[in-house]
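To start, the structure under review is shown below, and the notes come after it.
All figures in this text were calculated on a predicted structure; none of them were measured in a lab.
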Amino acid sequence: MKNNIIILLLIVTPVFLFSQTSEIKKADLDYNNQNYFEAIKIYKQNVDKGNVTPEIVKKLANANYYNANYEQANIWYSKLSQFSNDMGGEERYKFALTLKTVGKLKEAKEQFDIYKNQNPNEKRALLLNSNIVSESKFVFTNIKNININSKFSDYGPSLYNGNLVFSSTYNNVLNNTLNERTNQYRANLFQSSKSSNGEFSKPKLFSKVNYSIYHEDTPVFSKDNKSMYYTQNQLVKNSSYKLVNGGFTLYKSILENNKWVNKGPIQLGLNDEVRIAHPAFSPDGKFLYFASDNLTKYGESDLFRVSILEDGTFGIIENLGDKINTEGRDSYPFITEDNTLIFASDGRAGMGGFDLYSIDLKDPNADVISLGDDLNSPFDDFGLIINNEMTNGFFTSNKPGGKGDDDIYSFDVSIKKDEIKNIKGSVINNETNQFISNVELKLFENQKPIATIMSDSNGSFSFDQLKTNKIYTISVKKEGFEDELVKIELKKDNLEKNISIKEIKIPNKIGDDLNDLLKLNKIYFDLGKYTIRPDAKIELDKVLTYLNKYPNVIIEIGSHTDSRQSSKLNQTLSEKRAKATLDYLVKNGINPNRLKAVGYGENKLVNNCKDGIICSEELHQQNRRSTFIIIKQ
């Protein structure tokens with residue numbers, strides 16, 4: 001019924017279509033300029049009039065998503081999914097995220113599965129496929145919505161001389177203007193001090209020098225509190241109201257004689273069309289981190305850093321790479337005193353919307369780790385900062401239960417202390433419960449291998465000197481058994497863990513060649529010789545393992561030669577090679593009654609390279625072969 005209604009709504013008069021075309025062009029212009037509030041209004045009006053097209057529905061979904069109206073975005077992505085051929089990978093991914101936001105977890109998984117199948121090589125798909133999870137070193141407690149949050153958007157906290165400096169869309173008396181994207185007032189910088197009772201004072205404008213009628217947000221201060229970088233809509237020089245373009249860039253102010261002096265936009269050698277935002281300092285002050293949505297290499301917005309030179313100029317801009325950046329939005333960087341990068345991303349299919357993640361910049365093998373569901377929610381969680389003492393901090397969220405659009409939350413934080421423990425256990429056959437020796441066990445931390453051992457004759461294994469409060473993964477490999485991947489969470493105590501693996505049942509029938517069943521490499525003999533070479537022993541040991549596993553199988557060992565040399569000589573040589581192969585298996589424990597050795601010489605060529613025919617060495621090699629044919633079970 002819904003599809004029929006959509007079809008009927010597309011039947012309109014030409015005059016009406018002309019009017020709609022004009023409106024849609026206006027909406028598309030607003031959409032492209034990120035004036036999402038106005039674009040949503042026009043698109044919605046057209047839908048209400050019956051103009052329902054996949055393109056309009058897609059833009060309604062995306063515009064609501066980018067304005068963090070995730071419930072509305074979910075409605076429009078759901079409608080877009082009815083146009084099965086018009087749901088691209090980007091929209092499919094965002095649809096799944098919004099399904100998480102509205103609590104439809106089963107449906108979200110279904111959409112993620114479709115996305116993975118359609119985009120198997122995207123990083124987001126690979127992350128969805130990963131079963132390896134790590135636990136954050138941070139413990140967040142005492143999370144509170146602070147008292148100065150308003151009904152507007154309060155976000156992007158920073159610390160300055162013990163005060164909280166943040167961004168707010170509160171309607172300032174200094175003639176602020178409306179933001180076309182959200183229909184809220186543009187953000188300015190405010191500050192508040194914390195009293196002894198834990199409450200914050202009434203916010204006041206941070207600095208008139210750093211104020212404009214456009215956006216200022218996400219400030220960051222140098223260690224000496226004498227420099228500040230912040231995000232601002234880029235203004236024409238010597239103008240307080242005219243924009244260079246509709247974008248934004250980083251501005252710098254310095255403190256001179258206890259007054260802030262605006263130094264204007266920083267010079268990174270970029271043109272005015274490049275948008276950069278959300279600055280952060282490295283602990284040593286030598287690097288400036290930021291986000292950009294059109295300098296990107298990987299996704300909708302990427303994270304970057306640039307070195308700050310001694311003369312105050314900047315070095316070469318570096319993209320932080322695909323270990324951190326995804327195909328989605330990666331933004332709001334912050335670097336802790338122990339050089340851990342914390343950032344927000346919607347490209348990792350966390351809980352929904354922006355989630356908070358961290359990565360240890362000191363460890364080149366470290367991976368990105370979620371900060372967990374104490375902070376993260378199905379909505380946007382971003383802009384986290386931690387004080388220099390690593391004891392408390394703030395972050396922003398628009399999750400339900402707040403006072404306004406975006407709210408700032410405070411928290412206490414501690415770092416988990418690792419203890420040294422071990423993991424031990426045994427590898428067993430899941431059907432017979434017998435212990436299995438010589439099993440390869442490889443230990444991973446954060447997807448990086450850190451140790452490889454073999455189980456002993458009793459199937460026992462042990463990994464020592466491991467840190468608690470970590471999640472490890474053990475990969476288990478044994479020829480003849482299915483590979484196993486086991487997640488191990490090592491908490492406060494030593495862990496004993498038996499690992500069961502499943503034996504592979506190789507189907508076989510009379511006439512099968514073990515070369516094919518066991519995927520053997522070619523077994524070669526030196527020219528004119530019949531001694532077993534070392535490389536041949538490796539393959540024969542696979543046959544040996546198979547015969548031990550299936551004691552009722554009887555095989556014929558066939559040895560074949562090419563047509564060169566005389567047929568009599570080839571016959572004799574093949575018989576000796578077949579007998580040498582049989583002797584090797586008998587010497588290693590196989591009953592000779594289960595083996596039959598036959599030399600075929602050049603009697604069973606697999607191609608036309610017979611006497612008198614000129615063939616390449618490669619074609620002759622095809623005839624010099626060994627076969628292991630099952631003749632009885």
Side-chain angles (χ1 to χ4, degrees), residues 136-174 187-211 216-230 253 255 257-260 280-281 283 285 332 334-338 340 342 356 371-372 374-375 377 381-417:
S136 170
K137 68 179 179 181
F138 298 104
V139 179
F140 299 100
T141 56
N142 199 26
I143 300 168
K144 295 179 180 179
N145 186 300
I146 63 176
N147 64 290
I148 57 174
N149 287 311
S150 68
K151 66 179 182 180
F152 302 97
S153 182
D154 306 292
Y155 67 101
S158 185
L159 293 172
Y160 170 67
N161 279 339
N163 294 329
L164 184 67
V165 180
F166 63 99
S167 314
S168 178
T169 61
Y170 176 74
N171 182 17
N172 194 334
V173 295
L174 297 180
N188 298 124
L189 301 182
F190 292 83
Q191 67 175 337
S192 177
S193 58
K194 191 175 184 179
S195 63
S196 58
N197 65 2
E199 297 290 293
F200 286 89
S201 63
K202 182 178 179 180
K204 62 181 181 180
L205 194 67
F206 175 69
S207 169
K208 289 185 179 180
V209 172
N210 305 112
Y211 168 85
E216 293 86 36
D217 64 18
T218 54
V220 63
F221 298 89
S222 60
K223 281 281 181 68
D224 61 8
N225 287 320
K226 292 182 179 180
S227 297
M228 174 181 71
Y229 291 87
Y230 59 100
S253 288
L255 193 65
N257 299 319
N258 291 322
K259 292 184 179 180
W260 286 104
F281 284 118
Y332 295 97
F334 175 79
I335 299 87
T336 65
E337 280 299 298
D338 68 350
T340 298
I342 296 175
L356 288 162
L371 294 191
D374 288 333
L375 298 186
S377 73
D381 308 284
F382 61 98
L384 182 143
I385 64 167
I386 297 176
N387 65 358
N388 292 341
E389 295 73 29
M390 304 277 286
T391 55
N392 56 64
F394 302 86
F395 74 103
T396 306
S397 179
N398 61 1
K399 60 186 176 182
K403 298 176 183 177
D405 187 358
D406 295 311
D407 279 4
I408 298 173
Y409 291 77
S410 63
F411 58 80
D412 295 329
V413 63
S414 59
I415 308 298
K416 293 176 182 176
K417 293 182 178 180

Requested in this report: Before giving the answer on side chain to side chain contact (heavy atoms under 4.5 Å, CB included), spell out for I143 and F395 the whole-Å C-alpha distance, their side-chain angles and the decisive distance to 0.1 Å.
Outcome: CA-CA 10 Å; I143 300 168; F395 74 103; 4.0 Å; yes
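- Closest of all the heavy-atom pairs between G402 and N145 is CA-ND2, 3.6 Å.
- The OH atom of Y170 sits 8.5 Å away from the OG atom of S150 when rounded to the nearest 0.5 Å.
- Between the N257 side chain and the K259 main chain, no donor and acceptor come within less than 3.5 Å of each other.
- Looking at every heavy atom in both residues, T396 comes nearest to G156 through OG1-N, 3.3 Å.
- If you take CG on L356 and OG on S397, they are separated by 8.5 Å, rounding to the nearest 0.5 Å.
- You'll find the side chain of N210 stays beyond 4.5 Å of the side chain of E216, heavy atoms only.
- Of the possible donor and acceptor atoms, one in the side chain of S192 sits under 3.5 Å from a partner among the backbone N and O of S201.
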**Report entry** side chain to side chain contact (heavy atoms under 4.5 Å, CB included) between V165 and F221, intermediate numbers included
**Finding:** CA-CA 10 Å; V165 180; F221 298 89; 4.1 Å; yes
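- The side chain to side chain donor-acceptor pair (under 3.5 Å) test with S153 is passed by exactly one of D405, D406, N398, D407: D406.
- Between the side chain of S222 and the backbone N or O of S227 there is at least one donor-acceptor pair closer than 3.5 Å.
- D338 contributes atom CG, which lies 3.5 Å from atom NZ of K137 (distance to the nearest 0.5 angstrom).
- Side chains of F411 and L384 form a contact here, defined as non-hydrogen atoms less than 4.5 Å apart.
- Using a 4.5 Å heavy-atom threshold, the side chains of L189 and S207 count as separate.
- Shortest non-hydrogen contact noted between K399 and D381 is CD-OD1, 4.5 Å.
- Smallest separation of non-hydrogen atoms from Y230 and D217: CB-O, 3.7 Å.
- For the pair I146/L164, a side-chain contact is recorded, criterion being any heavy-atom separation below 4.5 Å from C-beta on.
- Side chain of S167 to backbone of T218: a donor-acceptor contact under 3.5 angstrom is found.
- Other residues, nucleotides and ligands contribute only 12 or fewer heavy atoms inside 6.0 Å of the CG atom of N258.
- Proximity of N161 to Q191: side-chain heavy atoms (C-beta onward) are nowhere separated by under 4.5 Å.
- The OG atom of S193 sits 5.5 Å away from atom CG of N163, with the distance rounded to the nearest 0.5 Å.
- Using a 4.5 Å heavy-atom threshold, the side chains of I386 and F138 count as touching.
- Side-chain contact between N225 and L255: absent, with no pair of heavy atoms (C-beta onward) separated by less than 4.5 Å.
- No donor-acceptor pair under 3.5 Å is formed between the side chain of D412 and the backbone N or O of T141.
- Once rounded to the nearest 0.5 Å, the distance linking CG of D374 with CZ of F140 reads 8.5 Å.
- Taking every heavy atom of both residues into account, K223 and E337 meet most closely at CE-OE2, 3.2 Å.
- When ring centroids are compared, Y160 and W260 come within the 6.0 Å threshold.
- Closest heavy-atom contact between S158 and I385: CA-CD1, 3.6 Å.
- Below 30°, between 30° and 60°, or above 60°: for F382 and Y155 the angle between ring planes is between 30° and 60°, a tilted geometry.
- By the 4.5 Å heavy-atom criterion applied to side chains, I148 and F166 are counted as neighbours.
- Between atom NZ of residue K194 and atom CD of residue E199 there is a gap of 9.0 Å, rounded to the nearest 0.5 Å.
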